[in-house]
Amino acid sequence: MADGQLFKPEKDYTKEVDKQIPEAQELAKTNVQAALEKLSVLEKQARQASDLASTSRLLVAIITISKDSGDWGLLNEQILLLSKKHGQLKQATTKMVQVAMLFINEAPDQEKKLSLIETLRTVTEGKIFVEVERARVTRILSDMKKEQGDLNAAADILCELQVETFGSMHRREKTEFILEQVALCIEKGDWTQAGILSRKIGIKYFSRKPKRTPEQIEKDKKEREEKEKNRSIDDPPLEPEDDVTDLKLRYYEQQITLAKHEDKYLDACKHYRQVLDTESVEDTPEQLHAVLQRVIYYILLAPHDNEQSDLLHRINADTRNSLVPEEKELLKTFTIPELMRWPIVSERFGPHLCSTDVFSASPDQQDPKAHTRWQDLRKRVIEHNVGVIAKYYTRIQMHRLTQLLDLDEEETESYISSLVTAKTVYAKIDRPARVVTFAKTRDADEVLNEWSGSMKSLLGLLERIDHLITKEEMMARIQPDTAVKAH
C-alpha cells in the first residue's frame, strides 16, 4: 500500500461511510473531538482494507469538520496526522491536500492562511505524488509575499521549484510557472538568474501550428480519445490542445527585456521577428506596425557581422515593410554601398525615430538606454561608411577620410581601430604619412597565384572564342551548297 499501487479493496466500507459521515457531522455541532475520533476509527479500517474511495471520503470529512469548527490549529494538526498514518494511500492523501487547498481562501486572517500554507508545504515536501499541489501552494505563498512588497522572498520561494521535472503537470502550467519565476527575477534585478530560468522553456512549444481541416480535427480528436482510454494511472496526463499565443507573447516580451538590458540588439531583433510570426499580431494593425518598426530598429543597431548582414537583407525583402515607409527607407540606405552622412541622416530620420520609445537624442531619465541606442545608431552609420570607403579605396589620405566620415581625426582612428579589432574591415594607419591603407599586402606567392588564375581564365576564353570562330566558318561553308541545291 505504501508504494502507491492500487489494490482491490479487501472490504468495501461504502455503506458504513455513508452512514457515519452524516452522524459525525451532526455530532460535531456539539462535540468536535468525539466526531473526529468516530471517523478516525473507520478511517483506519478503510485504510488497512485498501478501500481508496472510502478512505478519501473520510479524510476529506475529517478535515472539513475541523475547518467548520473554526479551529484552524486543529485543521493543521489533522492534516499532518492523517498524512503520517502508516500505509496511508497516496491517492487519498492527494485528495485531502487538494480539498485543503480550497480552504486557503476561506481563512479568516493572514496568519491562519500562512499557517495552513506552511502545513500543506510540510505535508507535500519530498513527495512526488503531490508535487503539483506543492507547486500551486508555493505559488500562492509567493503571490502573498509579492503583495506584501517582499520581492526577494517571493522570488526565492518560487524559484526553489524545479517544475520542469514534474511529470504530472501539464506543459502549459509548467510554462506559466517558469514565466512567473523569470518575471520575479527581472523585477528584483537578478538578470543572470532570469536568463538561466528562461532557457528552461523550449521555444518549439510556441511554434505556429498549421491550420487544420475539419476532417483532420475530427481524426485528431478520435486519436486523443483512444489514447486517453488506453492510458494507465502511472502515465502522465495528455496535454490539452489549447492556444499558447498568450504564453508566447509573454515569453518573448521577457526575452526582449533581457536582450535590451544586455544591449544584445541582434537577439532583440530575432525575438521581435518571432512576435511578428504570431497570428494575433498579424491581425492587429497597431501591433503589426509597432513590431515591424522594432524589427528594423534593432537589426540596424546590431553590430555588423555575417549573420547580421544576412538577416538585414532578409528583412529588407519583407513586403510588409511598406506599412512603415520611414523605417523602410532608412533600412534601404544600409543595404546600398553608398555613403550616409550622419548629419543628414539625423536631420532626415531623427525626429521620427526619437518620437518612439526606442531612441532619444538627449539623455532620458525614464529610459537611459534610449540615448545609448541613439549613439549606437550613429556608430552603425559610421561603420557602414567605413565599409563603403574600404570597398572603393585601397589608400586614402586621413584628412579626406575625416571629411567623408564627418568626424575628427582622433574619432576616425578610434572607429577604424575598433572595426579592425572586430575583423569587420582590414586597415592599416600610417601616422607619419597620414595615410590609411585598406588593401591587404600580398606576398609573391599570392600575386603569382592570382596571375596564374587570371591567365588560365584568359586562355579558357581564347579557346572558347577559337571554337566559336571554327564553328562559324564551318556553317559558312555549308550554307552556299545548300542554296545551290535549292535552285
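Only this structure's heavy atoms are used, side chains among them; waters, hydrogens and symmetry mates stay out.
- Side chain of H384 to backbone of E338: a donor-acceptor contact under 3.5 angstrom is found.
- One finds the CZ atom of F334 at 5.5 Å from the CG atom of L330 (value rounded to the nearest 0.5 Å).
- Listed by chain and residue number, D190, I196 satisfy the side chain to side chain contact (heavy atoms under 4.5 Å, CB included) test with T192 (two or more places apart in sequence, or in another chain).
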Given ring pair (Phe, Tyr, Trp, His ring centres under 6.0 Å), test Y297 with F359 step by step and report yes or no. CA-CA 9 Å; Y297 293 156; F359 298 102; 5.3 Å; yes
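- For the 3.5 Å distance criterion, the side chains of D376 and Y265 qualify, holding a donor opposite an acceptor.
- To the nearest 0.5 Å, the span separating CD on Q274 from OG on S207 amounts to 9.5 Å.
- Not less than 6.0 angstrom separates the ring centroid of F177 from the ring centroid of F166.
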Before giving the answer on side-chain hydrogen bond (donor to acceptor under 3.5 Å, both in side chains), spell out for E131 and T124 the whole-Å C-alpha distance, their side-chain angles and the decisive distance to 0.1 Å. CA-CA 7 Å; E131 62 186 3; T124 55; over 6 Å; no
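- With values rounded to the nearest 0.5 angstrom, E37 atom CD is found 11.0 Å from I62 atom CD1.
- Using a 4.0 Å cut-off between charged nitrogen and carboxylate oxygen, E164 and R171 do not count as a salt-bridge pair.
- Here W342 contributes atom CH2 and M340 contributes atom CE; the two are 8.5 Å apart, rounded to the nearest 0.5 Å.
- Side-chain atoms of Q308 come within 3.5 Å of backbone N or O of I299 as a donor-acceptor pair.
- With respect to the salt-bridge test (charged N to carboxylate O, under 4.0 angstrom), the residues K369 and D263 qualify.
- Between atom CG of residue L311 and atom CZ of residue R273 there is a gap of 5.0 Å, rounded to the nearest 0.5 Å.
- To the nearest 0.5 angstrom, Q88 atom CD is 6.5 Å from T55 atom OG1.
- With sequence neighbours excluded, the residues satisfying side-chain hydrogen bond (donor to acceptor under 3.5 Å, both in side chains) with T119 are N76.
- Annotation for K95: atom NZ does not count as buried by contact number, only 12 or fewer foreign heavy atoms lying within 6.0 Å.
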Steps toward side-chain hydrogen bond (donor to acceptor under 3.5 Å, both in side chains) verdict (K200, Q162): CA-CA 10 Å; K200 292 181 178 181; Q162 307 292 328; 3.2 Å; yes
